[in-house]
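I have placed the structure first, in the form of structure tokens, so that the comments after it can refer back to it.
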Protein chains: 2
Amino acid sequence: MADNTLTPDDTGRKSQFAVPYYEISYDKFFQFGVSVDCVVFGYHDNRLKLLLIKRGAAPFKGMWALPGDLVYPNENIDVAAQRTLRDLTGIEDLYMEQTKVYGKVDRHPAGRVITTGYYSLIDIAKHDPHASAWADGVYWVDLEAVPELAFDHSEILKDALQLLQQRVRHQPVGFELLPEKFALADLQALYEALLNEKYDKANFRKRILSMNLLLSLKENQKDVPHRPARLYKFDTQRYDELIAKGFSFEL
Amino acid sequence: MADNTLTPDDTGRKSQFAVPYYEISYDKFFQFGVSVDCVVFGYHDNRLKLLLIKRGAAPFKGMWALPGDLVYPNENIDVAAQRTLRDLTGIEDLYMEQTKVYGKVDRHPAGRVITTGYYSLIDIAKHDPHASAWADGVYWVDLEAVPELAFDHSEILKDALQLLQQRVRHQPVGFELLPEKFALADLQALYEALLNEKYDKANFRKRILSMNLLLSLKENQKDVPHRPARLYKFDTQRYDELIAKGFSFEL
DNA sequence: ATAACTTTTGGTAAAAATGACATTAAGTAA
DNA sequence: TTACTTAATGTCATTTTTACCAAAAGTTAT
């Protein structure tokens, strides 16, 4: 727990390692809990969704929260983020990226806990999350309908959303949210949903195709009540080549 | 210190708060040290510089390192970053922004310490750093000449540099590095140094001025052996207005 | 089979942004 | 006054972006 009576001078500490560090007790400084919180975005039915849990225990029992957990003292934090999501939802090997650190003194009622936000994108169809022991359940919630969250999770979400929009514009991350095979109109609808903008269909097509990042498949849409569109898939290999040459994706 | 014999199962812990959190001892989880490390960029003589300290004590005694320190248990981490820089260099109220968290288990020889990187930009002429108690000294080092750093600070620097270039392109942060009043050629030289590119002088001028973010002063350069250029200053108010209208800076 | 309909797909022309370069202006130094 | 240096402005060709049109290709209803 955080010692709220400690002030910087109470330690009598003048400098970090003025004498060999192993001769000094820095116990006062080694009292932090560290956690990770995952902001997982999904996409379905033309809408952006967020993976949330309903807290089954105090504090904030009954409130919605981001999936997160404390980090073990012998665990890398990036690994902890992966583990948290796996334990909670069964989802493995997800691309995750740090957003920010949240380190206010009283952000957690159980003591001094600093947390790192991670954001991730997945194709909902591929992953059916299941509830874990300590959450009543895990749900995909429409982003528009997300209520106030536990802890400072609303702030974490806000920052992650901002990063997402950044990334979507400058890296081809949008493809993470789509099935392997997709039509250009699907991709356009996704970008329009993510960025709250409208694009001309013909021009969007030209822009995307001119990047040479999509492989045209010999396959069309099925079960659509009109002319089916050609399906494409993202060309990872080509993307890596282009990046190596200094290409930078811009929408 | 980190307990390296602890494994996730040793705690017998199944869920974060399955019973009220205050009835459980989570001591095992509250053993982290937390630190901040500052990547401070400065600009002088057309060259980008980095603020470094020479470590006066173990570990990594004698090596170059980023200015950084442990966070107090009752101190917000953003505040800790400001304090560290103030104690070390006398520089106050600096604009600082988080870069990333570094949370590998064995990144610090004194125990389990996770650190947050902060980057900042300053006009060197305005700030003369002075040595503190626990560092031999604080120096501006030419970025090209930065050697291998202590801890994982080289990695922190690499990430901060990447973020800097990002920011420079998409936000008008470059102005932080220049004096209040500057000529367009100064600004151009700065951007060329930051981004390793060359611009056409006339076109750079048009591009920048068309953004309407600079106030033309009724004042010229002094002591130059040729026609002195008009001085400008950054129009913060106008920038805020534009941002409010959804304008986004792009170089 | 054909017509009506819907969406894909390929194209074109105007407008806008970019980039290369030339010219003029305004100061300093001899 | 002249030479010199850099600032500042202007022009123009090229490329990129945008708006919009029309043909093509499938589906559904008749």
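In what follows, every chain begins at residue 1, and chains take the letters A, B, ... in the order their sequences are listed. Computed over heavy atoms, backbone and side chain alike; hydrogens, waters and symmetry mates excluded. Note that the coordinates shown come from a computational prediction; the quantities given were computed from them, not determined experimentally.
Rounded to whole Å, atom C1' of dT9(C) lies 13 Å from atom CD of Gln221(A). Whole-Å rounding puts the Phe204(A) CZ to dT9(C) C1' distance at 15 Å. Between the OH atom of Tyr199(A) and the C1' atom of dT16(D) there is a distance of 17 Å, rounded to whole Å. Separating the NZ atom of Lys198(A) from the C1' atom of dT17(D) is a distance of 20 Å, rounded to the nearest angstrom. With rounding to whole Å, Gln188(A) atom CD is found 12 Å from dT9(C) atom P.
No more than 12 heavy atoms of other residues, nucleotides or ligands shown are found within 6.0 angstrom of CD on Glu180(A).
Between Phe151(A) and Phe60(A), the ring center distance clears the sub-6.0 Å criterion. Separation of the Phe182(B) and Tyr232(B) ring centroids does not fall under the 6.0 Å cut-off.
Every salt bridge (Lys or Arg N to Asp or Glu O under 4.0 Å) that Lys181(A) has, sequence neighbours left out, goes to Glu219(A).
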* Asked: Once each nucleotide of nucleotides 19-30 of chain D is scored for protein heavy atoms under 4.0 Å, what B/S/- sequence comes out, 5' to 3'?
  -> BB---BBBSS--
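Taking each heavy atom of Leu88(B) and Pro67(B) in turn, the nearest pair found is CD2-CB, 3.1 Å.
Contact annotation for Arg230(B): backbone-only contact, meaning every heavy-atom pair under 4.0 Å involves sugar-phosphate atoms and none involves a base.
The stretch residues 208-216 of chain A has no heavy atom under 4.0 angstrom from DNA chain D at all.
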* Worked verdict on Gln166(A) versus Gln162(A) for side chain to side chain donor-acceptor pair (under 3.5 Å) -> CA-CA 6 Å; Gln166(A) 243 270 39; Gln162(A) 209 170 310; over 6 Å; no
* salt bridge (charged side-chain N to carboxylate O under 4.0 Å, His left out) assessment of Arg83(B) paired with Asp69(B) -> CA-CA 9 Å; Arg83(B) 170 183 58 78; Asp69(B) 201 3; 3.2 Å; yes
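Side-chain contact, Asp159(A) with Tyr119(A): no donor N or O sits under 3.5 Å from an acceptor N or O.
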